[in-house]
A.B. asks: 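The structure under discussion is supplied below as structure tokens; questions concerning it will follow.
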Amino acid sequence: MNHQLKLRAALLSVLLLLLLLGIWQLATLPRASAPSATTTLSAKDAEYAALMGQAPAAGGNAPAKIEGFPTPGQFLGIAARHLSDPFYDHGPNDKGIGIQLGHSLLRVALGYLLAMLVAIPLGFAIGMSPLLYRAIDPFIQVLKPISPLAWMPIALYTIKDSSVSGIFVIFICSVWPMLINTAFGVAGVRRDWLNVARTLEVSPLRKAFLVILPAAAPTIITGMRISMGIAWLVIVAAEMLIGGNGLGYFLWNEWNNLSLSNVIFAVLVIGVVGMLLDVLFAALQKKVTYAE
């Protein structure tokens, strides 16, 4: 039954994808009065194209330039061009999508690791102490809803390094779901198990690792999963501001170049990578979830 449900869901997903592609194709059909995609450049336009890294082909003809929203076929061609050489490096403003993705993942990993190192131990302490929970909860409720864009100017002024500021913004925005879920999971451990550990005179350290952590692990992983989604969301916005490299910078730079096709490709890459990260944490969550 479960296998049939998965098969039907996959079939429905494919049908929805085909429907969306059909709508996309119909919405981007060329107008009858549209000019030809390949035109002869003037000397001034050819010089500008060369400066933008879009040198015209031999004979003075410009490469096919997509005006406005691309068709699905045009988009596939652009995606294939990006993926065929994802690690090229032609200067500060012209790097492959693989390099940009690597910079973004590195920032996310560093900020997320810092959030884990703070949130999980502090969440354990808060979950095991009602007094500490009541004392810290107001600070959590005030800091949690602050936008990453609001943190960025403070980070840039204080840290004075754009890359480190981006990592800090990831940390400060992804720490709260992990902290809250860890505290909730630890506080929700069944009293029977804790009483058994107390009866057996288990040391606090062993009780934390052998009783509380396994019981609270599903809730902790849920918080980590939410935090990873927030971290990936935040890094794109942060990189639009700090510039230099990363998927956010690539997206914003392509928009400034009026290349909507590359913007759509960057958006798709961001979505696919975010989905893969979520799938990874979903698999981890399934590993630690148990049935009573």
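In this text, all values refer to a predicted model and were calculated from it rather than measured experimentally.
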A.B. asks: Where do Ala215 and Pro218 come nearest, in terms of heavy atoms and distance?
C.D. replies: O-CD, 3.7 Å
A.B. asks: Clusters formed by hydrophobic residues whose side-chain heavy atoms approach within less than 4.5 Å: which one holds Phe184, and what are its other members?
C.D. replies: none
A.B. asks: Rounded to the nearest 0.5 Å, what's the gap from CD1 on Ile264 to CD on Gln74? Could you check?
C.D. replies: 10.5 Å
A.B. asks: Which pair of non-hydrogen atoms, one from Ile170 and one from Arg107, has the smallest distance, and what is that distance?
C.D. replies: CD1-O, 3.5 Å
A.B. asks: Would you check if Ser174 and Met228 make a side-chain contact, meaning some heavy-atom pair closer than 4.5 Å?
C.D. replies: no
A.B. asks: With clusters defined by side-chain heavy atoms of hydrophobic residues (ILVMFWY) lying less than 4.5 Å apart, directly or transitively, does Leu280 cluster with Leu106?
C.D. replies: no
A.B. asks: Less than 4.5 Å apart, any side-chain heavy atom of Phe265 and any of Ile97?
C.D. replies: yes
A.B. asks: Report yes or no: does Thr158 contribute a side-chain atom to a donor-acceptor pair with the main-chain N or O of Ala155 at less than 3.5 Å?
C.D. replies: no
A.B. asks: Just do the side chain to side chain contact (heavy atoms under 4.5 Å, CB included) check on Ile146 and Ile172 with the steps written out, would you?
C.D. replies: CA-CA 9 Å; Ile146 297 177; Ile172 200 66; over 6 Å; no
A.B. asks: Do you reckon Leu276 sits in the same ILVMFWY cluster as Leu101, going by side-chain contacts under 4.5 Å, direct or chained?
C.D. replies: yes
A.B. asks: Look up atom SG in Cys173 and atom CG in Leu233, then write down how far apart they are to the nearest 0.5 Å.
C.D. replies: 9.0 Å
A.B. asks: Treating Ile, Leu, Val, Met, Phe, Trp and Tyr as nodes and any side-chain heavy-atom pair under 4.5 angstrom as an edge, say whether Ile78 and Leu76 lie in one connected cluster.
C.D. replies: no
A.B. asks: Between Thr71 and Gln25, is any side-chain donor less than 3.5 angstrom from a side-chain acceptor?
C.D. replies: no
A.B. asks: Are more than 12 heavy atoms from other residues, nucleotides or ligands located less than 6.0 Å from atom CH2 of Trp255?
C.D. replies: no
A.B. asks: Ignoring hydrogens, what is the shortest heavy-atom contact between Pro153 and Ala150? Give both atom names and the distance.
C.D. replies: CD-O, 3.4 Å
A.B. asks: What's the spacing between Tyr88 OH and Asp85 CG if we round to 0.5 Å?
C.D. replies: 7.5 Å
A.B. asks: Could you list all the ring-ring contact (aromatic ring centres under 6.0 Å, His included) pairs where at least one residue sits in residues 225-249, not counting sequence neighbours?
C.D. replies: none
A.B. asks: What ring-ring contact (aromatic ring centres under 6.0 Å, His included) pairs are there with at least one residue in residues 143-172, not counting sequence neighbours?
C.D. replies: none
A.B. asks: Working to the nearest 0.5 angstrom, can you tell me the gap between Glu239 CD and Leu247 CG?
C.D. replies: 6.5 Å
A.B. asks: Going by atom type alone, with no hydrogens or angles, which donor-acceptor pairs under 3.5 Å involve a side-chain atom of residues 108-134 and a protein atom two or more places apart or on another chain?
C.D. replies:
unit_1 : atom_1 : unit_2 : atom_2 : d
Tyr112 : OH     : Met224 : O      : 2.7
Ser129 : OG     : Leu132 : N      : 3.2

A.B. asks: When you look at Val269 and Val272, which way does the side chain to side chain contact (heavy atoms under 4.5 Å, CB included) test go after all the steps?
C.D. replies: CA-CA 5 Å; Val269 170; Val272 169; 5.9 Å; no
A.B. asks: Below 3.5 Å, can you tabulate the donor-acceptor pairs from side chains in residues 9-23 to any protein atom, sequence neighbours excluded?
C.D. replies:
unit_1 : atom_1 : unit_2 : atom_2 : d
Ser13  : OG     : Ala9   : O      : 3.0

A.B. asks: Do Asn181 and Ile220 pass the side chain to side chain contact (heavy atoms under 4.5 Å, CB included) test, and can you show the C-alpha distance, the side-chain angles, and the key distance before you say yes or no?
C.D. replies: CA-CA 6 Å; Asn181 278 53; Ile220 295 173; over 6 Å; no
A.B. asks: With distance as the sole criterion, is a donor-acceptor pair present between the side chains of Thr222 and Gln285 under 3.5 Å?
C.D. replies: yes
A.B. asks: Could you tell me the separation between the CE atom of Met178 and the CD1 atom of Ile221, rounded to the nearest 0.5 Å?
C.D. replies: 10.0 Å
A.B. asks: Measuring only between side-chain heavy atoms, which start at C-beta, is Pro177 closer than 4.5 Å to Ile230?
C.D. replies: yes
A.B. asks: Side chain to side chain contact (heavy atoms under 4.5 Å, CB included) for Leu156 and Ser162? Distances and angles first, verdict last.
C.D. replies: CA-CA 6 Å; Leu156 288 171; Ser162 59; 4.3 Å; yes
A.B. asks: Of the non-hydrogen atoms in Ile99 and Phe87, which two are nearest, and what is the gap between them?
C.D. replies: CD1-O, 3.5 Å
A.B. asks: Using every non-hydrogen atom in the two residues, find where Ile235 and Ser104 come nearest and quote the distance to one decimal.
C.D. replies: CG1-O, 4.1 Å
A.B. asks: Kindly assign one of parallel, tilted or perpendicular to the pair Phe250 and His82, based on the angle between their ring planes and the thresholds 30° and 60°.
C.D. replies: perpendicular
A.B. asks: Within the distance-only criterion (no hydrogens, no angle test), does the side chain of Asn257 pair as donor or acceptor with the backbone N or O of Ser259 below 3.5 angstrom?
C.D. replies: no
A.B. asks: To the nearest 0.5 Å, how far apart are CH2 in Trp252 and CD in Glu254?
C.D. replies: 13.0 Å
A.B. asks: Indicate yes or no: at least one non-hydrogen side-chain atom of Ile180 is less than 4.5 angstrom from one of Ile140.
C.D. replies: yes
A.B. asks: Looking at Pro70 and Thr28, what are the two nearest heavy atoms and their distance?
C.D. replies: O-CG2, 3.5 Å
A.B. asks: Not counting sequence neighbours, which residues clear ring-ring contact (aromatic ring centres under 6.0 Å, His included) with His103? List them please.
C.D. replies: none
